Amino acid sequence: MEAENFIQDIINGDLAEGRVTAVQTRFPPEPNGYLHIGHAKSMYVNFGTALKYGGKCNLFFDDTNPSKEKTEYVDAIRRDIEWLGYRWEKEVYASDFFDTIYEYAERLIREGKAFVCDLSADEIRETRGTLTEPGRESPYRGRTPEENLRLFREMRDGKYADGEKCLRAKIDMASPNINLRDPVIYRILHASHHRTGDKWCIYPMYDYAHPICDFLQGVTHSLCTLEFEDHRPLYDWVGITLGFSPKPRQIEFARLNMTNLVMSKRYLKKLVEEGTVHGWDDPRMPTLAGLRARGIPAEAVKDFCARIGVAKAQSECEIGYFEAVVREYLNAHAPRAMAVVEPLKLTVTNYEGEEEVDFDVNPLDESAGTRKTVFGKTLYIERADFSLDPPPKYHRLKIGGYARLKGAYIVRADEAVTDERGEVVEVKCTYFPESRSGNDTSGIKAKGVLHWVNAARCVDAEVRRYDHLLRDADYAGQDFSERIRTDSEHLFAAKAEPYLANHEGSYQLLRTGYFRAFSEDGKLVLSEIVSLKDNFNK
Ligand code: ATP
Ligand code: MG
């Protein structure tokens, strides 16, 4: 199998040496919030690698932290993975293994490899040493296995308060890797767990539980982000000490970071709780629920993950690159439609009645065919498409000037009606019957093509446009709370083709941008997905 990245190189080596015969991975979210686009990368790596090798990928809920976890998040996570189109082999929870994880702890105690420590969390931190100095051994390190076992069982049975004791692995207080300096592997926490209820008042720490859960699931390659690199020696210590064979192998890759986006559940939660956004699925949120609400296709998210690649080097991806990938996908797939964001009335004085005109559903995709829309005497065009005082080379409408109405006729603007403030409220024009699109024999040249809607048939729509939640790179380094844009949603009262009111989906609104059309409280909403033009500098 040809390797596409360094992870696959390692896997190829493991397969060639016969260290493993099949590939098993897992996607390990902690159910303490919604998944975001960074998790899409993790899924791409975990599910994608398993798929490539004909292996399996489990959905593994890392629920060792009962105070922050909720069933609501479990459900949201499942929904988001399904939306991306990934299928997990088994759904597994760390809490499924709590009994076995506990048994392994007793075994470490019996073998003299773990001890009950009475130091407080602060004292443990103070005696841990630094990068340049070794730590100091706990005065409780010499307890006998018998005493440790008795105390550990008392911990389990609820005899002690939170923080009063903990279980630590007995490794090496002088290790250059701080994670190996007798790390805490069990803590007392009198908290109800979303799945095991009040059965436990001691919970295993992530670094201890994770290698065990990986092994018990048959994970061969445990793929995670770089912040776990320093934890790998502990991951390996657990596997080797407990004699796991084949021992799962942890491989780390760089997280996805993106400009103008917050990508930490902790901050995202804050935005939701403080009401800066409407919820986890607000279209400005980088959550998968937010991207979905925004109208971003799952395929574009996966394509983006494939294109940014998997590497060890930390980097920050321009949000413009993500948008360019989304735009490319929508340009190829989204049907075209018309809506006018800031309407100006256009009356075709020499036209009577109505007629159907055709336009391409997607000019890039012949198989998409054409769709009909109804032309008439009274239309709306964009206010910005008419000017009383046009700059040079203005190809939109001006008095005496010509422009084509998309899919219909060429018109000439004859007169502008203004209100008492001098503002144009209506433009009167003449159409040329021989200029009909597809059969233009008029000989008139019109450079500009304008989108329009029929005033007699169009529907009211609310157009929503968004700025990025975080201000741009100029603000990088500033605290997140200073970079946040609170006024990032902009609403417009627009006019849209009636077709949009009963065909939900993602569209290219001609000359306007890519929008998701849906109805909310009986009203048509057109919510911007990405702008029309590519302003990403490749
Ligand atoms: P956050 O910091 O946003 O809360 P997390 O790492 O705590 O994220 P988990 O639920 O623990 O979130 O993540 C599940 C998996 O997704 C982990 O393996 C984690 O490494 C990976 N992951 C999280 N964020 C990113 C990211 N930005 N890029 C790539 N992988 C990520
Ligand atoms: Mg985490």
Side-chain angles (χ1 to χ4, degrees), residues 5-7 25-50 57-70 72-78 80-81 84 86 88 91-94 194 205-207 209-211 213-214 217 219 221-232 235 248-273 280 285-291 301-302 304-319 321-322 469-470 480:
N5 56 50
F6 77 99
I7 293 177
T25 59
R26 84 290 169 264
F27 171 61
E30 185 180 349
N32 62 350
Y34 280 57
L35 298 181
H36 51 63
I37 187 168
H39 292 111
K41 175 171 179 177
S42 177
M43 280 188 256
Y44 173 77
V45 175
N46 280 296
F47 285 100
T49 304
C57 180
N58 285 347
L59 170 55
F60 173 68
F61 285 107
D62 166 24
D63 59 349
T64 50
N65 200 355
S67 47
K68 292 192 193 146
E69 293 151 6
K70 282 205 265 173
E72 176 203 342
Y73 297 138
V74 169
D75 296 339
I77 288 169
R78 279 201 210 105
D80 289 341
I81 302 173
L84 280 183
Y86 292 120
W88 55 89
E91 180 176 317
V92 191
Y93 293 75
H194 75 115
M205 303 303 287
Y206 175 88
D207 279 342
H210 205 78
C213 294
D214 278 348
Q217 290 172 75
V219 167
H221 296 87
S222 184
L223 313 176
C224 62
T225 39
L226 277 178
E227 68 272 21
F228 294 103
E229 195 170 30
D230 288 346
H231 298 240
R232 186 177 356 119
Y235 184 95
R249 181 203 276 268
Q250 176 178 304
I251 308 171
E252 311 85 15
F253 59 92
R255 290 177 89 84
L256 170 65
N257 297 308
M258 271 165 85
T259 60
N260 306 84
L261 281 191
V262 214
M263 209 113 71
S264 146
K265 278 185 278 191
R266 196 161 60 91
Y267 282 133
L268 293 175
K269 197 172 192 169
K270 206 170 146 199
L271 291 179
V272 173
E273 281 166 1
W280 284 100
M285 290 283 269
T287 50
L288 298 181
L291 299 183
V301 175
K302 290 206 278 191
F304 168 71
C305 292
R307 292 205 212 177
I308 53 174
V310 182
K312 274 252 180 212
Q314 292 282 14
S315 65
E316 190 176 49
C317 180
E318 292 275 341
I319 187 134
Y321 182 66
F322 175 62
L469 262 183
L470 280 197
F480 155 84

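Just so you know, these numbers come straight off a predicted model, no measurement behind them. All ligand and atom numbering here is 1-based and tracks the order in the structure.
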- Task: Please determine if Lys68 and Glu30 form a salt bridge, counting it only when a charged side-chain N lies under 4.0 Å from a carboxylate O.
- Result: no
- Taking C-beta and beyond as the side chain, do Phe322 and Leu261 meet within less than 4.5 Å on heavy atoms? no
- Item | Proximal atoms of ligand 1 relative to Leu256 (non-hydrogen, under 4.0 Å) | 26 (C), 27 (N), 28 (N), 29 (C)
- Message: Side chains of Asn46 and Tyr86: any donor to acceptor distance under 3.5 Å?
- Response: no
- Message: Among Lys41, Arg255, Met258, Glu30, which one puts a heavy atom closest to atom 8 (O) of ligand 1?
- Response: Arg255
- Task: Please check if the side chain of Thr287 supplies one atom and the backbone of Trp280 the other of a donor-acceptor pair under 3.5 Å.
- Result: yes
- Message: Would Met263 count as being in polar contact with ligand 1, using the rule that some N or O on each side must be under 3.5 angstrom apart?
- Response: yes
- Can you find a pair of side-chain heavy atoms, one from Ile77 and one from Ile81, that are under 4.5 Å apart? yes
- For the side chain of His210 and the backbone of Asp207, is there at least one donor-acceptor N/O pair under 3.5 Å apart? no
- Message: Out of all atoms in ligand 1, which are within 4.0 Å of some heavy atom of Pro29? Include the element for each.
- Response: 10 (O), 14 (C)
- Task: Out of Gly38, Ser222, Cys305, indicate the one that has the non-hydrogen atom closest to atom 29 (C) of ligand 1.
- Result: Gly38
- Message: Please determine whether any non-hydrogen atom of Arg266 lies less than 4.0 Å from an atom of ligand 1.
- Response: no
- Item | ligand 1 N/O within reach of His36 N/O, cut-off under 3.5 Å | yes
- For Ser264, atoms of ligand 1 separated by under 4.0 Å from a heavy atom: 3 (O)
- From Thr225, Asn46, Asn65, Leu223 - option closest to atom 20 (O) of ligand 1 by heavy atom: Thr225
- Rounded to the nearest 0.5 angstrom, the CG-OG1 distance for Asp214 and Thr25 is 10.0 Å
- Any N or O of Lys265 that comes nearer than 3.5 Å to an N or O of ligand 1? yes
